[in-house]
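What follows is one structure encoded as structure tokens, with my remarks underneath.
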Amino acid sequence: MKHHHGFETRCVHTGNLEDKVYNSAVSPIYTSSAYGFLDQKIGRYPRYFTTPNQIGLAQKIASLENAEEGLILSSGMAAITAILFSHLKAGDHLVVQQDLYGGSTNLIRDEFSKYNIDYTFVSSFDLLAFEKAIKPNTKGIFIETPSNPLLKIIDIKSIARISKKYDLWSLIDNTFASPVNQNPIDYGIDIVMHSATKYLGGHSDLCAGILLSTHERISKIRDFAKNFGASLADNTVWLLERSIKTLSLRVGKQTNNAQQLAEYLTQQKWVIRVYYPGLTTHIGHALAKKQMKGYGAMLSFDLDKNINLKTFFKSLRIIKPVVSLGGVESGVSSPKMTSHILLTDDERKQQGIGDQLVRFSMGIENLEDLKSDLHQAIEKARL
Ligand SMILES: *Cc1c(COP(=O)(O)O)cnc(C)c1O
């Protein structure tokens with residue numbers, strides 16, 4: 001399946017394994033961890049990322065991100081660890097966007113100093129602030145857009161340009177957008193990362209990560225990843241392949257639902273403010289319009305002070321108060337109670353994360369059912 005086929009076609013067909021024995025319509029699963037060595041061109045072994053299912057799925061996702069090659073790992077964090085520790089050594093420095101997934105922030109804060117790797121968190125979304133943070137020993141820039149939980153947008157093309165100007169590599173966490181809504185390699189970004197646990201998996205039933213880049217870079221990352229050992233089992237690789245066949249349908253519907261719910265929420269008295277890149281009032285709307293194919297399926301909103309947040313969550317009947325995101329079922333969470341629980345009140349305020357902020361991961365349900373569910377829960381939670 002060639003790159004010139006449409007996105008939806010590549011979701012369904014690219015990288016699938018042919019079954020020459022039974023002509024089955026779907027890829028067989030090869031769960032073997034041992035392969036004969038006599039006639040092999042490549043040494044096949046799960047931890048080397050060379051089983052038939054691993055290779056096939058990496059091709060599928062690479063084609064969706066217009067990348068030369070992909071590498072599938074056992075989690076999103078394994079993917080981030082593999083890229084950062086294969087591309088940084090003692091004495092190096094990394095420029096990092098401050099509004100990053102909590103796990104990424106923890107990894108950098110907790111582990112880098114042990115290996116004498118330096119870093120600077122950039123709190124502003126201003127490009128000059130990124131450029132100013134670059135030091136003589138800086139090797140890379142790490143961004144995430146749209147960001148969690150306020151869906152702030154950073155200019156991908158400009159970050160790629162700055163990286164090239166200073167001879168750095170650029171890394172983006174593209175999880176929130178998914179390959180359906182944003183393809184950063186087209187804008188000159190060097191490495192794209194996804195937590196496949198979210199939209200690529202899409203059913204809240206697996207954990208996986210993926211990196212996408214050039215053959216040369218993936219080969220370098222693979223050499224490191226072999227040593228630290230974070231390959232994905234072939235049963236899960238197969239499940240992820242099956243999930244991606246419906247990726248464009250799922251995320252298309254989720255994105256559409258999110259736009260409509262965001263517009264609806266702006267009109268509700270119990271909502272103070274809505275954060276969604278598809279709203280013309282959103283601070284990053286113009287930029288999102290330029291660099292995203294769709295505005296994504298994540299949104300946030302501040303509830304009025306007279307709504308009890310916990311009662312609201314407990315009263316929901318369809319929408320689930322869950323921490324993860326990207327599944328076909330809608331979920332809500334409170335950054336204050338979950339992802340940003342370790343920050344002080346002041347730190348949260350600094351990032352614009354209010355106590356009444358609700359993060360909404362849009363599913364594929366009927367929109368009217370979701371609106372009714374919100375309404376009945378709000379009525380019960382009024383103080
Ligand atoms: C979940 C998530 C990760 C981490 O992925 P895991 O699969 O949980 O390891 C990284 N970045 C973002 C934006 C995420 O949502």
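Read the numbers this way: they start at 1 and go in the same order the structure lists the ligands and their atoms.
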Pairs under 3.5 angstrom only: tabulate donor-acceptor contacts from the side chains of residues 320-331 to other protein residues two or more places apart or in another chain.
from: E329; atom 1: OE2; to: S204; atom 2: OG; distance (Å): 2.6
from: S330; atom 1: OG; to: G363; atom 2: N; distance (Å): 2.9
from: S330; atom 1: OG; to: E365; atom 2: OE1; distance (Å): 2.8

Answer yes if the side chains of T175 and D173 hold a donor-acceptor pair under 3.5 Å, and no otherwise. yes
Within the protein, flag every N or O under 3.5 Å from an N or O of ligand 1, and note the pair and distance.
from: ligand 1; atom 1: 5 (O); to: S195; atom 2: OG; distance (Å): 2.9
from: ligand 1; atom 1: 7 (O); to: G76; atom 2: N; distance (Å): 2.9
from: ligand 1; atom 1: 7 (O); to: S195; atom 2: OG; distance (Å): 2.9
from: ligand 1; atom 1: 7 (O); to: T197; atom 2: OG1; distance (Å): 2.6
from: ligand 1; atom 1: 9 (O); to: G76; atom 2: N; distance (Å): 3.0
from: ligand 1; atom 1: 9 (O); to: M77; atom 2: N; distance (Å): 2.8
from: ligand 1; atom 1: 11 (N); to: D173; atom 2: OD2; distance (Å): 2.6
from: ligand 1; atom 1: 15 (O); to: K198; atom 2: NZ; distance (Å): 2.7

Kindly write out the residues that satisfy side-chain hydrogen bond (donor to acceptor under 3.5 Å, both in side chains) with Y276, not counting sequence neighbours, or none if the list is empty. none
For Q350, check side-chain hydrogen bond (donor to acceptor under 3.5 Å, both in side chains) against everything at least two apart and list the hits. none
Answer yes or no: is there an ion pair linking K349 with D346, defined by an N-O contact shorter than 4.0 Å? no
Could you tell me whether K336 and D355 have a side-chain N and a carboxylate O separated by less than 4.0 Å? yes
